[in-house]
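What follows is a single structure, written as structure tokens, with notes after it.
Each chain gets a letter, A, B and so on, in the order the sequences are listed, and its residues count up from 1.
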Protein chains: 2
Amino acid sequence: MKLTILGCYAATPRTITNPTSQVLDIKNRLFLIDCGEGTQVQLRKNKIKFSKINHIFISHLHGDHFYGLVGLISTFMLLNRINDLHIYGPKGIKEVITLQLRLSNSWTNYNLFFHVLESKTSEIVYEDEKVIVTTIPLKHRIYTNGFLFREKIGDRPLNVEAVQSYKIDKCYYQNIKKGKDITLENGQLIENSKLTFDPIPTKSYAFCSDTIYDESIIPIIKEVDVLYHESTFLQQEEVLAEKTMHSTAKQAATIALKANVKNLVLGHYSTRYESIALFKEEAMSIFSEVLLADDTTCFEF
Amino acid sequence: MKLTILGCYAATPRTITNPTSQVLDIKNRLFLIDCGEGTQVQLRKNKIKFSKINHIFISHLHGDHFYGLVGLISTFMLLNRINDLHIYGPKGIKEVITLQLRLSNSWTNYNLFFHVLESKTSEIVYEDEKVIVTTIPLKHRIYTNGFLFREKIGDRPLNVEAVQSYKIDKCYYQNIKKGKDITLENGQLIENSKLTFDPIPTKSYAFCSDTIYDESIIPIIKEVDVLYHESTFLQQEEVLAEKTMHSTAKQAATIALKANVKNLVLGHYSTRYESIALFKEEAMSIFSEVLLADDTTCFEF
């Protein structure tokens with residue numbers, strides 16, 4: 001599982017910082033998460049193949065999370081994209097994109113599907129044979145979702161030596177890998193655990209930006225491998241964080257601790273601070289496994 | 001008169017090239033012309049003060065000319081702008097900007113005025129005591145205007161020696177500077193030309209992007225100091241230029257020649273060519289005073 005940060009700063013794009021966008025590479029699928037202005041240039045800088053992006057998840061309709069989307073959709077047209085493109089985001093997203101395409105008297109030469117999110121409870125928004133994506137309802141000034149990406153538990157690897165010792169016919173292997181017990185021709189029941197190994201542990205990634213400190217997300221993100229949690233402010237701006245419905249680094253770390261996640265990635269920094277190292281310092285007073293997102297950093301988990 | 005090119009390439013923003021946007025500094029007014037994605041970052045790179053931009057002219061609603069506008073409007077909010085902001089552009093521009101602000105549950109903390117253009121003939125869109133801006137109707141795939149920025153002819157400078165020799169009272173100076181003749185107390189008529197000098201020549205700038213080769217613009221841009229004319233293609237792509245309703249470098253130069261302008265600035269280059277020097281070479285076979293726009297170049301006239 002690989003996470004590439006295209007942008008992780010709050011508010012306006014600047015010469016050296018970009019608004020929120022990131023690419024999650026999980027089980028060979030590339031998911032684009034949020035798409036602030038300049039995302040398509042950041043994709044180029046990070047040498048990410050445009051044609052590999054088939055699913056875009058938009059957390060909410062504040063500009064620093066989606067103003068780059070319409071440009072990316074247009075660029076896909078110019079690049080003669082063929083693949084379907086799926087966009088998951090709040091109500092209004094279809095309206096604003098289609099209006100802009102209509103005004104430019106153009107339409108996509110590929111299929112563009114909008115999956116409009118309105119639920120206030122967690123729901124599955126994407127699922128294939130290897131990955132499942134669910135929403136994480138967040139509390140922010142407008143309707144906002146985080147997204148939980150989770151690899152599905154794969155088949156149980158066959159214990160080849162064991163199945164051969166019982167002389168089990170190959171036609172049963174598929175069922176065994178799915179976890180089923182086997183009754184031999186002599187009537188003896190062989191438990192699956194004797195025929196297989198435990199499956200390879202699956203990875204999970206929870207993206208939570210933007211949100212006020214909110215413990216109600218903990219059951220959804222419990223024990224994920226990686227939690228990206230916004231930390232717009234430091235604790236000294238706690239009052240401002242609450243007012244603007246953002247979080248502090250300390251609050252992000254508290255959520256990480258209570259949800260017992262493996263790693264916490266911080267991001268969505270206000271640009272008022274001298275150094276983003278301050279965010280890590282503050283978070284580590286609560287939780288030890290803290291990583292700092294920064295534009296064009298790439299994490300492998 | 002100073003022209004700063006923020007971006008001058010066609011189609012998609014890339015790591016090294018930006019879509020159309022430029023700033024004209026004329027009589028101490030800063031006019032932003034077009035606003036492709038990334039314009040606000042280009043403004044920062046070129047150290048142009050955001051607060052000095054009060055008027056934005058949008059030629060047409062193709063993404064490479066206006067996808068950066070909503071982000072700039074949002075950034076003005078975050079920067080606590082106070083001044084009114086005026087936006088001049090085609091029908092639909094108000095709808096698309098206000099929809100996006102509404103979806104983010106925000107509104108500007110400054111006055112935002114839209115001046116919606118629909119006329120198919122040239123019209124005055126802006127006028128103050130020193131500058132006048134008129135549209136240049138262009139022929140492109142969608143409704144498009146260029147813009148002609150013209151300094152107004154100022155007062156006639158007083159010939160102080162002459163007025164003193166006639167013992168003319170100071171209370172008449174204002175009228176004389178406006179070009180009026182004077183009758184002395186003895187009844188003698190003094191022609192204005194004896195009392196004043198010719199006014200300082202005024203500058204003019206015509207922005208024409210995007211357009212097919214179209215001689216009907218010539219009467220509007222006749223003898224301007226600077227003509228920016230798009231040259232998306234070279235002449236070898238003449239057929240493609242016509243099909244996409246763009247111009248070649250040779251065609252841009254032909255317009256410059258026939259309109260008898262002083263300088264031609266080329267831009268809106270397709271990125272298919274090895275070097276933009278090819279555009280200059282081609283144009284100079286027709287017209288001698290050719291300048292190449294490039295991102296972050298600045299011309300003083």
Side-chain angles (χ1 to χ4, degrees), chain A residues 10-19 36-47 50 58 60-79 89-106 140-144 245 270-271, chain B residues 10-19 36-47 50 58 60-79 89-106 140-144 245 270-271:
Chain A
T12 72
R14 304 184 309 160
T15 50
I16 45 160
T17 64
N18 294 277
E37 184 174 348
T39 292
Q40 58 178 309
V41 172
Q42 283 295 94
L43 283 169
R44 286 183 194 269
K45 275 189 189 157
N46 287 273
K47 301 195 191 311
F50 281 42
I58 301 293
H60 66 303
L61 299 183
H62 278 154
D64 55 337
H65 295 256
F66 95 105
Y67 281 169
L69 181 60
V70 66
L72 183 59
I73 287 170
S74 302
T75 294
F76 280 146
M77 294 191 296
L78 291 165
L79 296 176
K91 201 177 165 180
I93 195 163
K94 180 177 177 177
E95 196 182 352
V96 72
I97 298 297
T98 52
L99 172 62
Q100 288 178 93
L101 295 178
R102 184 166 58 76
L103 287 173
S104 66
N105 199 21
S106 58
H140 191 45
R141 301 195 304 275
I142 56 173
Y143 177 76
T144 303
M245 301 190 79
S270 160
T271 55
Chain B
T12 72
R14 305 184 308 161
T15 50
I16 45 159
T17 63
N18 294 276
E37 184 173 348
T39 292
Q40 58 177 311
V41 171
Q42 284 295 93
L43 283 169
R44 286 183 193 269
K45 274 190 189 155
N46 287 274
K47 300 195 190 313
F50 281 42
I58 302 292
H60 66 302
L61 299 185
H62 278 154
D64 55 336
H65 294 256
F66 95 105
Y67 281 169
L69 181 60
V70 66
L72 184 59
I73 287 170
S74 301
T75 293
F76 280 148
M77 294 193 295
L78 291 165
L79 296 176
K91 199 176 166 182
I93 196 164
K94 181 177 178 178
E95 197 183 351
V96 71
I97 298 297
T98 52
L99 173 61
Q100 288 179 92
L101 295 178
R102 184 167 58 75
L103 287 173
S104 67
N105 199 21
S106 58
H140 191 43
R141 302 196 302 275
I142 56 173
Y143 178 77
T144 304
M245 300 190 81
S270 161
T271 55

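Among A/Gln40, A/His62, A/Lys45, the residue making the largest number of heavy-atom pairs under 4.5 Å with chain B is A/Gln40. The greatest number of non-hydrogen atom pairs below 4.5 Å with chain B, out of A/Asn105, A/Ile142, A/Leu103, is found for A/Leu103. For the options B/Arg102, B/Gln100, B/His65, heavy-atom pairs under 4.5 Å to chain A are most numerous at B/Gln100.
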Exercise for review: Please report the C-alpha distance between B/Val96 and B/Leu69 in whole Å, then the side-chain angles of each, then the deciding distance to 0.1 Å, and finally whether the side chain to side chain contact (heavy atoms under 4.5 Å, CB included) criterion is met.
Suggested key: CA-CA 10 Å; B/Val96 71; B/Leu69 181 60; over 6 Å; no
Exercise for review: Walk me through it: do A/Leu43 and A/Leu72 pass the test side chain to side chain contact (heavy atoms under 4.5 Å, CB included)?
Suggested key: CA-CA 10 Å; A/Leu43 283 169; A/Leu72 183 59; 3.9 Å; yes
**Study point:** B/Thr75 and B/Arg44: CA distance, side-chain angles, deciding distance, side chain to side chain contact (heavy atoms under 4.5 Å, CB included) verdict
**Key:** CA-CA 12 Å; B/Thr75 293; B/Arg44 286 183 193 269; 4.1 Å; yes
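Neither the backbone nor the side chain of B/Tyr143 has a heavy atom closer than 4.5 Å to any heavy atom of chain A. Heavy atoms closer than 4.5 Å to chain B are found in the side chain of A/Ser74, but not in its backbone. Interface residue B/Glu95: backbone and side-chain heavy atoms are both found under 4.5 Å from chain A. Proximity to chain A is absent for every atom of B/Thr144, based on heavy atoms less than 4.5 angstrom apart. With a 4.5 Å cut-off on non-hydrogen atoms, A/Thr17 does not touch chain B at all. Contact of A/Leu61 with chain B is made through backbone and side chain together, with heavy-atom distances under 4.5 Å. For a residue to count as touching a neighbouring chain, one of its non-hydrogen atoms must lie under 4.5 Å from one of that chain's; by this rule B/Arg141 touches chain A with the backbone only.
Residues B/Leu79 and A/Thr12 have side chains not in contact (no heavy-atom distance under 4.5 Å, counting atoms from C-beta outward).
A donor-acceptor pair under 3.5 Å is formed between the side chain of B/His140 and the backbone N or O of B/Met245.
Ring orientation note: the planes of A/Phe50 and A/Phe76 are nearly perpendicular, at an angle over 60° on the 30°/60° scale.
Of all non-hydrogen atoms in B/Pro19 and B/Pro13, the two that sit nearest each other are CD-CB, 3.8 Å.
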